[in-house]
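A, B, ... follow the sequence lines: proteins, then strands. Residue 1 opens every chain.
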There are 2 protein chains.
Amino acid sequence: MGKESAPADPSPLLALQRATHATLQVIAAELASLDMTASEINALANLADGRPRTVSELGAAVGSRPTTLTSVLDRLDRRGHITRGPHAGDRRAVVVELTPSGRTAADQVRSTLTELERRALAGLPPEAVAGFHQVLQALTEVSS
Amino acid sequence: MGKESAPADPSPLLALQRATHATLQVIAAELASLDMTASEINALANLADGRPRTVSELGAAVGSRPTTLTSVLDRLDRRGHITRGPHAGDRRAVVVELTPSGRTAADQVRSTLTELERRALAGLPPEAVAGFHQVLQALTEVSS
DNA sequence: CAACGAAATCGTAGTATCCGAAACCGTGGG
DNA sequence: CCCACGGTTTCGGATACTACGATTTCGTTG
C-alpha cells in the first residue's frame, strides 16, 4: 500500500502546528525590516482593519491572555505604532488604536500576509479553502 | 446584513494562528498531569509512532531549529522519556528514541489529540477535512 | 590527506507567556 | 447613599521558548 503521499502524519493538530511554525518564520523573515516579533506582528495584523479594540478583545483575537498582551502593547506603544486611550462607555477598559505609523506598518503586514496566502492558495480549489476555514472554526470553537 | 457569522477575519493565516493558540491551551490543560510544556508535547507527539529520528528530522517535523530542540530534548531526557543514541550510518547524527515511559506519555498525548480532533470534526463533512489538509500542506510547502 | 560542509551542542540574549496581586471602575443590593 | 461583588488592566516575578554565533565531531570530496 503505497504510503508515500501520506507520510506519517494524519493528525490535523500536528499538521496545524507545523504549518503555523513554518508560516510564522517566513512572515517574520519577510517583515524583518519592521524589526518586530511574531506577537507584535500578530497584534498589528489584527488591528489592521483600523477598528479600535480593548485589550481583552485583542487578546481573544490573537489567542493570548490580556496579561500577555501588556508587554507586547508596551513595545508597540514605545515604537509609536499604537496608542492607548480611554474607552467611551467603560472607564475601566483601555482602547488600543493604530497611529499613522502603526497603520503603515499594519498595512505592510497585511499585504505580506495576503501575498503569502495568494502564493500558497493559488492552485487550490475554493472548496478546499472553505473546508480549511470550516475546520479551523470548529477547532477554535471546541477550544474556546 | 447579519455579519455575526463572518466577523472580520477572512485571513487564513490569522485564523490559523488563533486556532493554534486555542488548541494549544486546551491540550496543555488536558495534559496537565504530565507536567509538560507545549514544545515537549509537540516533540513527543511527533515521536509517538515509535520510529526513531534525528534531531534535524524532528526539528523539521515540529518546525523548530535544531538548536531550539536541544533544551527541549534535554528536559525529556532528564525525565526519562527519551534516549539519545548513536546513529547507525552517520556518527555525527544523534538518534532520538522513546523510552517505555516516554511511549506511555506519547500514547497519552496522542489519545488526547485524537479525542480533541474527534470532538471538533465530528459534524464536519470529510471534504472539509480534506481541504483543510490540502491548504495546510500548501502553506507548509510555500514556507519551506 | 587536506579542505569543506553537515550535525549537534553550548553559551548568551531577548521575548513570550502565565500566575498572583493590586488598582480602578461599573453594577446591583441594602 | 454606601457597600460589596465582578470585570478590566497593569505590575512583579518566574519559567521556558527561540534564535544566533562559536565549537566540536564527523562525513565527503578532491
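To the nearest 0.5 Å, atoms CZ (A:R75) and OG1 (A:T70) are separated by 12.5 Å. Rounding to the nearest 0.5 Å gives a distance of 8.0 Å between CG of A:L13 and CG of B:L121.
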Polar atom pairs (N or O), protein with nucleotides 27-30 of chain D, under 3.5 Å:
residue: D:dG27; atom: OP1; partner: B:R91; partner atom: N; Å: 3.1

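Clustering ILVMFWY residues whenever any of their side-chain heavy atoms sit less than 4.5 angstrom apart, transitively, puts B:L31 in a cluster other than the one holding B:L24.
Note: CG (A:L73) to P (C:dT15) measures 15 Å, nearest angstrom. B:H87 has its NE2 atom 16 Å from the C1' atom of D:dT25, to the nearest Å. One can place CG of A:L69 at 10 Å from P of D:dT9, the figure rounded to the nearest angstrom. Distance CZ (B:R65) to P (C:dT9): 16 Å, rounded to an integer number of Å. Between the C1' atom of D:dA16 and the CG atom of B:N42 lies a distance of 15 Å, rounded to the nearest Å. At whole-Å resolution of the value, CZ in A:R53 and P in D:dT8 are 16 Å apart. Separating the CG atom of B:L76 from the P atom of D:dA16 is a distance of 12 Å, rounded to the nearest angstrom. For the pair A:M36 CE and C:dG14 C1', the computed distance is 16 Å after rounding to whole Å.
For A:E97, the side-chain contact (heavy atoms from CB on, under 4.5 Å) test picks out A:P52, A:T83, with sequence neighbours left out. Residues that satisfy the salt bridge (charged side-chain N to carboxylate O under 4.0 Å, His left out) test with A:R78, not counting sequence neighbours, are absent from this structure.
Side-chain proximity of B:S56 to C:dC18, D:dC17, C:dA8: nearest is C:dA8. Here C:dT15 is the nucleotide among D:dT9, C:dA8, C:dT15 with the atom lying nearest to any side-chain atom of A:R75. Of the candidate nucleotides C:dC18, D:dT18, C:dA8, D:dT18 has the atom nearest to the side chain of A:H21.
OP1 or OP2 of C:dT17 has at least one side-chain nitrogen or oxygen of A:S39 nearer than 4.0 Å. OP1 or OP2 of D:dA19 lies within a sub-4.0 Å distance of a side-chain N or O belonging to A:Q25. OP1 or OP2 of C:dC18 has at least one side-chain nitrogen or oxygen of A:T68 nearer than 4.0 Å. The phosphate of D:dT10 (OP1 or OP2) has a side-chain N or O of A:R84 nearer than 4.0 angstrom.
When the shell of 6.0 Å around CZ of B:R91 is examined, it contains 12 or fewer heavy atoms from other residues, nucleotides or ligands.
In this structure, the side chains of A:V72 and A:M36 stay at 4.5 Å or more apart for every pair of heavy atoms.
Each of B:E40 and A:T67 was assigned the nucleotide of DNA chain D with the nearest heavy atom; the assignment lying further toward the 5' end belongs to A:T67.
Within the 4.0 angstrom heavy-atom criterion, base atoms lie near B:S71.
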